Protein chains: 2
Amino acid sequence: MAYQAAFLALADPTRRRVFEELRRGPRSVGKIAARMPVSRPAVSQHLRVLKNAGLVADRAEGTRRVYCIDPKGLAAIRIWLDQFWDEALSAFQAELEKKEAAE
Amino acid sequence: MAYQAAFLALADPTRRRVFEELRRGPRSVGKIAARMPVSRPAVSQHLRVLKNAGLVADRAEGTRRVYCIDPKGLAAIRIWLDQFWDEALSAFQAELEKKEAAE
DNA sequence: GCTTACTGTTAGCCATGGCTTACCAAGCGG
DNA sequence: CCGCTTGGTAAGCCATGGCTAACAGTAAGC
């Protein structure tokens, strides 16, 4: 059920960009916001959504908070995806043949 | 770049339910809408978004249109996901140790 | 202690988008 | 032909959510 929040979180382009920024390594909120076209509070809100979705984790470091990618959320999407992958591939081939046979 | 549309399409619960309905096999629009709490035009709009995202494909069958899952969109997400998977796993372990060391 | 740096939170504005209702187009059967 | 079925489309309504600006809180340095 967790993929619900993960998909919702990654749907927004800005929020996904925040997430992808963390791919280059753990960063503080300010560092991330400096590379983004939106304000720092906006980044903070995005990080909260990402955290609730299990996509990022945070760690206090003095007055700064360092965020990093949490595999938990990614795993949820991956599991959901695998449910479709194999059977979708084979079923799609069958459909292609039906479609071409109808032309 | 295609995962953009795929994530956006799968973020909506109703639309994802439409998509998951197709997991049980190809169906017509009416068949899908009958199992959903929303109207048929709504389902039609959802299918259009899913189609633009490369998540479903359609085939004309008389006056009916039969939709099925298209692996193309799923593949886009999978590729994006794999970019993060391995490195996120190892990087997260390192972060966990840092976090525990700080406590 | 006081200032400074860094971050989370709130209120409010505004654009996006999902839903319904109504309408229109296209095959099929009598 | 004509009515019935099936499905895509347009207009409009309304809720959701992303953004900014202003505020509050906490830790570090002097």
Side-chain angles (χ1 to χ4, degrees), chain A residues 4-22 25-68 70 73 95 98-99 101-103, chain B residues 4-22 25-53 55-68 70 95 98-99 101-103:
Chain A
Q4 158 71 23
F7 271 124
L8 213 89
L10 293 174
D12 182 69
T14 305
R15 191 155 48 221
R16 198 172 51 247
R17 182 167 163 187
V18 169
F19 184 71
E20 289 172 347
E21 204 71 36
L22 288 178
R27 314 252 167 174
S28 66
V29 180
K31 285 279 185 184
I32 301 173
R35 289 176 161 271
M36 303 276 299
V38 297
S39 70
R40 185 197 52 75
V43 173
S44 203
Q45 292 168 3
H46 284 310
L47 285 169
R48 173 169 50 174
V49 176
L50 289 171
K51 185 179 177 182
N52 287 336
L55 285 163
V56 302
D58 59 339
R59 158 172 60 94
E61 189 171 281
T63 105
R64 291 187 307 221
R65 294 198 78 83
V66 178
Y67 283 85
C68 67
D70 185 347
E95 276 305 306
K98 277 191 184 178
K99 189 174 184 177
E103 287 171 357
Chain B
Q4 158 70 23
F7 272 123
L8 213 91
L10 293 175
D12 182 69
T14 306
R15 192 155 47 219
R16 198 174 49 250
R17 181 167 164 187
V18 169
F19 184 71
E20 289 171 345
E21 203 70 35
L22 288 177
R27 313 253 167 174
S28 65
V29 180
K31 286 279 185 186
I32 300 172
R35 289 176 161 270
M36 304 276 298
V38 296
S39 69
R40 185 196 50 76
V43 174
S44 204
Q45 293 167 2
H46 283 310
L47 285 169
R48 174 169 49 175
V49 176
L50 289 171
K51 184 178 178 181
N52 287 337
L55 285 164
V56 303
D58 60 339
R59 158 172 59 94
E61 189 172 281
T63 103
R64 293 188 304 223
R65 293 197 80 85
V66 178
Y67 283 84
C68 66
D70 185 347
E95 277 305 306
K98 278 191 183 178
K99 190 174 185 178
E103 287 173 358

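Residue numbers begin at 1 in each chain, while the letters A, B, ... track the order of the sequences. All values reported here derive from a predicted model rather than from experimental measurement.
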May I ask you to verify if any side-chain N or O of [X] is less than 4.0 angstrom from the OP1 or OP2 atom of [N]?
| X | N | answer |
| --- | --- | --- |
| T63(B) | dG7(D) | no |
| H46(B) | dC19(C) | yes |
| T14(A) | dC19(D) | yes |

The answer to which of L47(B) and D12(A) contacts DNA chain D further toward the 5' end, by nearest nucleotide, is L47(B)

In a table with atom names and distances, give each donor-acceptor pair under 3.5 Å that connects a side chain of residues 35-47 of chain A to protein atoms at least two apart or in another chain.
none

Confirm from the modelled atom types if [X] and [N] form a donor-acceptor pair under 3.5 Å, side chain to base only.
| X | N | result |
| --- | --- | --- |
| R48(B) | dG7(D) | no |
| Q45(A) | dT10(C) | yes |
| R40(B) | dG8(D) | yes |

Quick one: do R64(B) and E61(B) make a salt bridge, cutoff under 4.0 Å? yes

Scan I32(B), V49(B), V56(B) and name whichever one has a side chain to side chain contact (heavy atoms under 4.5 Å, CB included) with V18(B). I32(B)

I need the CG-P distance between L10(B) and dG17(C), as an integer number of Å. 15 Å

For a stem of at least 3 consecutive Watson-Crick or G-U pairs with distances under 3.5 Å, i pairing with j, i+1 with j-1 and so on, which stems involve DNA chain C? C:1-30 with D:1-30

